[in-house]
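What you see below is based on every heavy atom in this structure, not just the backbone, and it leaves out hydrogens, waters and symmetry mates.
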Amino acid sequence: PLLGAWHRLNGVFGRGLVISVGSILLFGIAVALAGFLFLNTAAPRSLTITAGPAGSSFQRNAERYQKILERDGVKLTILPSDGSAENLRRLADPKQHVDVGFVLGGAAGDKTFDQLMSLGSIAYQPLTIFYRGQKRELLSAFKGLRINIGPAGSGTHDLALALLKLNGIVPGADTVIDETDYEDPARALVENRIDVVFLMGDSTDSSVIRKLMRDGGVHLFSFVQSDAYARRIHTLNKLHLPRGSLDFGSDLPPEDIYLMGPTVQLVARESLHPALSDLLLEAAREVHGRPGLYRKQGEFPAAREGEFRLSPDATRYYATGKTFLY
């Protein structure tokens with residue numbers, strides 16, 4: 001039937017005119033189809049990230065991401081938060097208008113979040129433990145002391161409880177578990193209000209560590225069983241703080257120190273557009289790819305799968321780089 005109609009049109013209008021009209025129609029259909037596909041696959045021009053408290057490393061990193069994404073015409077809105085736990089709650093809640101956030105390894109606990117995926121790990125978050133008095137090699141030696149682990153719901157609090165429990169120290173026994181949210185926990189230690197303090201995040205800044213280690217009565221705990229802890233708790237990493245790495249002249253620390261810490265993951269909802277996934281990972285490489293106290297050049301971002309499955313787009317990015325959609 002179509003062939004017959006084609007011949008009839010040729011007879012009425014002439015072959016050249018029919019071919020011209022047909023070509024125009026086909027071209028119009030192709031343009032319309034291309035426009036439809038583009039509009040349905042084009043990346044959004046805005047993103048929302050749930051970051052951290054004002055002035056925190058999470059907040060500062062988000063601001064650096066914001067400037068990088070702005071170069072590519074994408075607006076990044078930053079939502080302040082209390083930290084990793086609140087970021088995870090926001091990402092898991094479909095009513096919250098967020099696309100991506102920073103989440104500590106171990107924050108998910110035993111829960112599963114099928115609607116979330118990881119774009120990879122972007123940094124280590126070292127846990128430092130300072131204590132007064134005689135030197136101690138095992139966490140179990142802190143039994144009977146006043147131990148500050150930060151407020152409930154914080155990443156430091158949950159990790160500290162898990163580590164103490166492995167060493168037979170639990171709340172309610174003869175050990176005082178202090179959950180006070182001190183504005184300056186290092187000062188509380190020096191002033192003898194507590195005997196031990198667990199610090200993580202911005203409280204582990206090298207300047208804070210140097211300040212505490214210069215106090216003759218304060219020690220930085222070294223995990224002599226670090227390999228065993230890393231095997232028992234799969235979200236923890238063994239971190240090496242070499243002798244003199246904080247201050248060569250003062251020889252701080254005066255010996256090799258081994259710390260433990262989870263990684264920070266860049267977690268997104270599974271609806272994240274592939275091109276924006278590439279854009280975020282390019283920003284992460286620019287921000288986190290440089291060497292630091294606990295990381296080597298180019299070590300981050302890294303395709304490390306933890307509690308959240310690594311997204312297909314991130315897997316492809318780490319294998320072959322960004323796509324044409326980028």
Student: Is there a side-chain contact between Pro254 and Met213, using heavy atoms and a 4.5 Å cut-off?
Tutor: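 In contact.
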Student: Can you tell me how the ring of His219 sits relative to the ring of Tyr131, calling it parallel under 30°, perpendicular over 60° and tilted otherwise?
Tutor: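 Correct class here is tilted.
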Student: Would you tabulate the side-chain donor-acceptor contacts of residues 114-121 under 3.5 Å, counting partners in other chains and residues two or more places apart, or write 'none'?
Tutor:
{"unit_1": "Gln115", "atom_1": "NE2", "unit_2": "Ala92", "atom_2": "O", "d": "3.3"}
{"unit_1": "Ser118", "atom_1": "OG", "unit_2": "Gly120", "atom_2": "N", "d": "2.9"}
{"unit_1": "Ser121", "atom_1": "OG", "unit_2": "Thr263", "atom_2": "OG1", "d": "3.3"}

Student: Excluding sequence neighbours, so at least two apart, what forms side-chain contact (heavy atoms from CB on, under 4.5 Å) with Ala160?
Tutor: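 So Ala160 forms a side-chain contact (heavy atoms from CB on, under 4.5 Å) with Ile149, Phe198.
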Student: To check you understand the geometry: which heavy-atom pair defines the closest contact between Ala54 and Gln59, and what is its length?
Tutor: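 Closest approach of Ala54 to Gln59, heavy atoms only: CA-CG, 4.4 Å.
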Student: Do Glu270 and Arg309 sit within salt-bridge range, that is, some charged N less than 4.0 Å from a carboxylate O?
Tutor: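 Counted as a salt bridge, because a side-chain N and a carboxylate O are separated by less than 4.0 Å.
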Student: Are Leu47 and Val98 co-members of a hydrophobic cluster defined by side-chain heavy atoms under 4.5 Å apart?
Tutor: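 Shared cluster, no.
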Student: Less than 6.0 angstrom separating the ring centers of Tyr294 and Tyr124, yes or no?
Tutor: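 Here the rings of Tyr124 and Tyr294 have centres that are no less than 6.0 Å from each other.
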Student: Spell out, yes or no, whether Ile147 and Ile129 are grouped together once hydrophobic residues are joined by side-chain heavy atoms under 4.5 Å, including indirect joins.
Tutor: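 Ile147 and Ile129: one cluster.
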Student: Closer than 4.0 angstrom, basic N to acidic O: yes or no for Glu63 and Lys67?
Tutor: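 Salt bridge: no.
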Student: Answer yes or no: is there a donor N or O on one side and an acceptor on the other, between the side chain of Asp93 and the main chain of Lys95, under 3.5 Å?
Tutor: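 Checking the backbone N and O of Lys95 against the side chain of Asp93, a donor-acceptor pair under 3.5 Å is found.
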Student: Has His97 got more than 12 heavy atoms of other residues, nucleotides or ligands less than 6.0 Å from its NE2?
Tutor: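 Count not over threshold, so no.
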Student: Stepwise, does the side-chain contact (heavy atoms from CB on, under 4.5 Å) test hold for Ile209 with Leu199?
Tutor: CA-CA 10 Å; Ile209 298 176; Leu199 300 174; over 6 Å; no
Student: Scan for side-chain hydrogen bond (donor to acceptor under 3.5 Å, both in side chains) pairs involving residues 137-153, sequence neighbours excluded, and state none if there are none.
Tutor: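 For residues 137-153: Arg146-Asn192, Arg146-Asp195.
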Student: Please report the closest heavy-atom contact between Met200 and Thr156, naming both atoms and the distance.
Tutor: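 Where Met200 meets Thr156 most closely, the heavy atoms are CB-OG1, 3.3 Å.
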Student: Looking at Lys135 and Glu255, is any side-chain nitrogen of the basic one under 4.0 Å from a carboxylate oxygen of the acidic one?
Tutor: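 The answer is yes: the pair qualifies as a salt bridge.
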Student: Tell me whether the rings of Tyr65 and His288 are parallel (<30°), tilted (30 to 60°) or perpendicular (>60°).
Tutor: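 Perpendicular, since the angle between the ring planes exceeds 60°.
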Student: Test side-chain contact (heavy atoms from CB on, under 4.5 Å) on Leu280 and Leu272; report intermediate values, then the result.
Tutor: CA-CA 10 Å; Leu280 283 166; Leu272 183 71; 4.0 Å; yes
Student: Report the C-alpha separation of Leu236 and Leu127 in whole Å, then their side-chain angles, then the decisive distance to 0.1 Å, and conclude whether the side-chain contact (heavy atoms from CB on, under 4.5 Å) test is met.
Tutor: CA-CA 10 Å; Leu236 290 183; Leu127 171 71; over 6 Å; no
Student: Does any part of the side chain of Tyr182, heavy atoms only, come nearer than 4.5 Å to the side chain of Ile194, both counted from C-beta?
Tutor: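 The answer is yes, as the side chains (C-beta and beyond) meet within the 4.5 Å cut-off.
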Student: Sequence neighbours left out, what passes salt bridge (Lys or Arg N to Asp or Glu O under 4.0 Å) with Arg60? Give chain and number order.
Tutor: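 Counting only residues at least two positions away or on another chain, Arg60 forms a salt bridge (Lys or Arg N to Asp or Glu O under 4.0 Å) with Asp202.
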Student: With sequence neighbours left out, write down each residue that passes side-chain contact (heavy atoms from CB on, under 4.5 Å) with Arg231, or none if nothing qualifies.
Tutor: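 For Arg231, no residue satisfies side-chain contact (heavy atoms from CB on, under 4.5 Å) once neighbours in sequence are set aside.
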Student: Taking atom types as modelled, is there a side-chain donor on Thr180 or Asp178 under 3.5 Å from an acceptor on the other?
Tutor: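 Present: a donor and an acceptor within the cut-off.
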Student: Do Val103 and Met260 share a hydrophobic cluster (ILVMFWY, side-chain heavy atoms under 4.5 Å, transitive)?
Tutor: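 No, no single cluster joins them.
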Student: What do you reckon, is CD of Glu183 surrounded by more than 12 foreign heavy atoms closer than 6.0 Å?
Tutor: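 No, because the 6.0 Å sphere around CD of Glu183 holds 12 heavy atoms or fewer from other groups.
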Student: Applying the 4.5 Å side-chain criterion to the ILVMFWY set and letting contacts propagate, would Tyr258 and Leu139 be lumped into a single cluster?
Tutor: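 No; Leu139 is not reachable from Tyr258 via cluster members.
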Student: Do Leu161 and Pro171 come close enough that some side-chain heavy atom pair is under 4.5 Å?
Tutor: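 In contact.
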Student: Which heavy atom of Ala284 sits nearest a heavy atom of Ile122, and at what distance?
Tutor: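 Smallest interatomic distance, heavy atoms only, reads CB-CG2, 4.2 Å.
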Student: Taking the side chain as everything from C-beta on, heavy atoms only, tell me whether Arg285 gets closer than 4.5 Å to Tyr317.
Tutor: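 Sidechains of Tyr317 and Arg285: in contact.
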Student: Has the side chain of Asp72 got a donor or acceptor atom that lies under 3.5 Å from a matching backbone atom of Val74?
Tutor: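 Pair absent, no side-chain N/O of Asp72 close to backbone of Val74.
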Student: Can you check side-chain contact (heavy atoms from CB on, under 4.5 Å) on Asn61 and Val264, steps first, answer last?
Tutor: CA-CA 12 Å; Asn61 286 332; Val264 180; over 6 Å; no
Student: Provide the closest heavy-atom pair for Pro44 versus His273 in the form atom of the first, atom of the second, distance.
Tutor: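 The answer is CD-CB, 3.8 Å.
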Student: Parallel under 30°, tilted from 30 to 60°, perpendicular over 60°: which one fits the rings of Phe113 and Phe308?
Tutor: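 Tilted, since the angle between the ring planes falls between 30° and 60°.
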Student: Any salt bridge linking Asp247 with Arg214? Criterion: basic side-chain nitrogen under 4.0 Å from a carboxylate oxygen.
Tutor: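 Here Asp247 pairs with Arg214 in a salt bridge, since their nearest N and O are under 4.0 Å apart.
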Student: So that I can tick it off, tell me whether Asp99 and Arg269 are bridged by a salt bridge, with the cut-off set at under 4.0 angstrom between side-chain N and carboxylate O.
Tutor: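 Here Arg269 does not pair with Asp99 in a salt bridge, since their nearest N and O are not under 4.0 Å apart.
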Student: If you compare all heavy atoms of Gly105 against all heavy atoms of Thr235, which two are closest, and at what distance to 0.1 Å?
Tutor: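 Reported closest heavy-atom pair: C-CB, 3.9 Å.
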Student: Is the closest side-chain heavy-atom distance between Thr128 and Leu212 below 4.5 Å?
Tutor: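 No; the side chains remain at least 4.5 Å from each other.
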Student: Say whether Leu310 and Val267 are linked into one hydrophobic cluster, either directly or through other cluster members, by side-chain heavy-atom distances under 4.5 angstrom.
Tutor: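 No, it is not one cluster - the side chains of Leu310 and Val267 are not joined through contacts under 4.5 Å.
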Student: Is the CZ atom of Arg232 crowded by more than 12 outside heavy atoms at less than 6.0 Å?
Tutor: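 Open.
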Student: Where is the tightest heavy-atom contact between Ala152 and Glu179, given as atom of each residue plus distance?
Tutor: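 Looking at all heavy atoms of both residues, the closest pair is CB-OE1, 4.4 Å.
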Student: Tell me which donor-acceptor pairs under 3.5 Å the side chains of residues 76-84 have, and how far apart each pair is, sequence neighbours excluded?
Tutor:
{"unit_1": "Ser81", "atom_1": "OG", "unit_2": "Ala51", "atom_2": "O", "d": "3.2"}
{"unit_1": "Ser81", "atom_1": "OG", "unit_2": "Gly83", "atom_2": "N", "d": "3.1"}
{"unit_1": "Ser81", "atom_1": "OG", "unit_2": "Gly83", "atom_2": "O", "d": "3.4"}
{"unit_1": "Ser81", "atom_1": "OG", "unit_2": "Asn87", "atom_2": "OD1", "d": "2.7"}
{"unit_1": "Ser84", "atom_1": "OG", "unit_2": "Leu104", "atom_2": "N", "d": "2.8"}

